[in-house]
Student: 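Take a look at this one; I'll ask things after.
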Amino acid sequence: MSHEEVPVAALVAVTDAPLDVSAHERAVARCSAGATVVFCGVVRDIDAGRAVVGIEYEAHPDAGRVLREVADQLAAEPGVLGLAVSHRVGPLAVGDAALVAAVSSGHRGEAFDVCARLVDEVKRVLPVWKRQVFADGTDEWVNCP
């Protein structure tokens with residue numbers, strides 16, 4: 001399969017369905033790629049010393065469009081052969097994947113670099129808000145303007 005046959009940002013989604021890490025890796029697979037980097041951000045059981053039992057993400061209706069714009073911008077960079085990124089919304093349990101990003105390129109350095117910048121940019125601009133639920137029954141909204 002050539003680079004031109006499949007859109008570079010092949011898998012981009014804001015979804016309430018569980019994220020499939022392997023599907024993201026397959027979406028960026030290219031015969032010409034010498035490197036594929038996959039990032040999986042998962043719900044952890046502790047934050048700032050407090051026990052977390054779950055997280056709920058809420059998204060603005062434009063979140064899918066914003067994610068597509070970020071993905072397309074980075075996918076267009078020289079050397080990027082494939083790019084996929086998804087963010088989950090709704091209730092998530094400890095261990096669930098909240099954000100998955102994958103990038104393929106000819107060389108590992110550019111794959112690591114683009115994947116890191118992709119994750120950073122998604123976290124910076126995606127209109128998704130997180131409510132953490134703690135073991136003591138309290139909760140807090142995080143990264144809300």
Side-chain angles (χ1 to χ4, degrees), residues 1 3 5-30 33-105 107-145:
M1 175 180 309
H3 173 66
E5 291 173 357
V6 176
V8 176
L11 173 59
V12 179
V14 175
T15 179
D16 61 358
L19 301 181
D20 183 342
V21 177
S22 295
H24 287 73
E25 186 174 15
R26 287 189 306 274
V28 303
R30 303 291 185 272
T36 299
V37 171
V38 180
F39 170 84
C40 184
V42 298
V43 178
R44 61 182 176 261
D45 68 354
I46 194 161
D47 186 43
R50 298 176 70 190
V52 174
V53 296
I55 287 180
E56 182 175 351
Y57 287 97
E58 290 191 14
H60 186 278
D62 287 339
R65 179 188 54 77
V66 171
L67 189 61
R68 170 58 69 181
E69 289 173 358
V70 169
D72 286 347
Q73 178 183 359
L74 287 166
E77 290 193 7
V80 175
L81 300 175
L83 186 144
V85 61
S86 297
H87 199 297
R88 189 163 170 203
V89 294
L92 281 74
V94 170
D96 285 347
L99 173 64
V100 176
V103 175
S104 64
S105 67
H107 304 282
R108 69 180 178 274
E110 58 196 1
F112 275 112
D113 175 61
V114 173
C115 192
R117 288 189 292 120
L118 173 61
V119 170
D120 288 345
E121 188 67 2
V122 167
K123 291 183 71 66
R124 188 180 76 77
V125 302
L126 191 66
V128 170
W129 301 276
K130 174 173 71 172
R131 182 176 72 95
Q132 293 190 116
V133 180
F134 299 101
D136 65 7
T138 62
D139 65 20
E140 77 177 354
W141 286 93
V142 181
N143 298 331
C144 294

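Excluded from the calculations below are hydrogen atoms, water molecules and symmetry mates; all remaining heavy atoms, backbone and side chain alike, are included. What you see is a predicted model, and the numbers here were worked out from it, not measured in a lab.
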Student: Heavy atoms only: give me the nearest L67-A13 pair and the separation to one decimal.
Tutor: CD2-O, 3.3 Å

Student: Considering only NZ, NE, NH1 and NH2 on the basic side and carboxylate oxygens on the acidic side, decide whether D120 and R124 come within less than 4.0 Å.
Tutor: no

Student: Just so I know, are the side chains of L74 and V80 near enough to count as touching, which here means a heavy-atom distance under 4.5 Å?
Tutor: no

Student: With a 4.5 Å heavy-atom cut-off, do V114 and S105 have their side chains touching?
Tutor: no

Student: Can you establish whether the number of heavy atoms outside F134 located under 6.0 Å from its atom CZ is more than 12?
Tutor: yes

Student: Between A27 and A10, which heavy-atom pair has the shortest distance, and what is it?
Tutor: O-CB, 3.8 Å

Student: Could you check D47 against E140 for side-chain contact (heavy atoms from CB on, under 4.5 Å), going step by step and ending with a plain yes or no?
Tutor: CA-CA 11 Å; D47 186 43; E140 77 177 354; 4.3 Å; yes

Student: With distance as the sole test, does R68 use its side chain to make a donor-acceptor pair with the main-chain N or O of A9 at under 3.5 Å?
Tutor: yes

Student: Is any side-chain heavy atom of D139 closer than 4.5 Å to one of E56?
Tutor: no

Student: Is there a side-chain contact between L83 and D72 in this structure, where contact means two heavy atoms from C-beta onward sitting under 4.5 Å apart?
Tutor: no

Student: Compare all side-chain heavy atoms of E110 with those of E77 and state whether any distance is below 4.5 angstrom.
Tutor: no

Student: Taking the side chain as everything from C-beta on, heavy atoms only, tell me whether V85 gets closer than 4.5 Å to V70.
Tutor: no

Student: Could you give the distance from CD (E121) to CG (L126), rounded to the nearest 0.5 Å?
Tutor: 10.0 Å

Student: Show, in sequence, the C-alpha distance, side-chain angles and deciding distance for R26 and L11, and conclude whether the side-chain contact (heavy atoms from CB on, under 4.5 Å) test is met.
Tutor: CA-CA 10 Å; R26 287 189 306 274; L11 173 59; over 6 Å; no

Student: Which heavy atom of L19 sits nearest to which heavy atom of A97, and what is that distance?
Tutor: CD1-O, 3.8 Å

Student: Looking at CG of L92 and CD of Q132, how far apart are the two atoms once the value is rounded to the nearest 0.5 Å?
Tutor: 12.0 Å

Student: Looking at every heavy atom in both V52 and V94, which two are closest together, and how far apart are they?
Tutor: O-CG2, 3.4 Å

Student: Is the shortest heavy-atom distance from the side chain of R50 to the side chain of D136 under 4.5 Å?
Tutor: yes

Student: Of all heavy-atom pairs between V28 and A102, which one has the smallest distance, and what is that distance?
Tutor: CG1-O, 3.6 Å

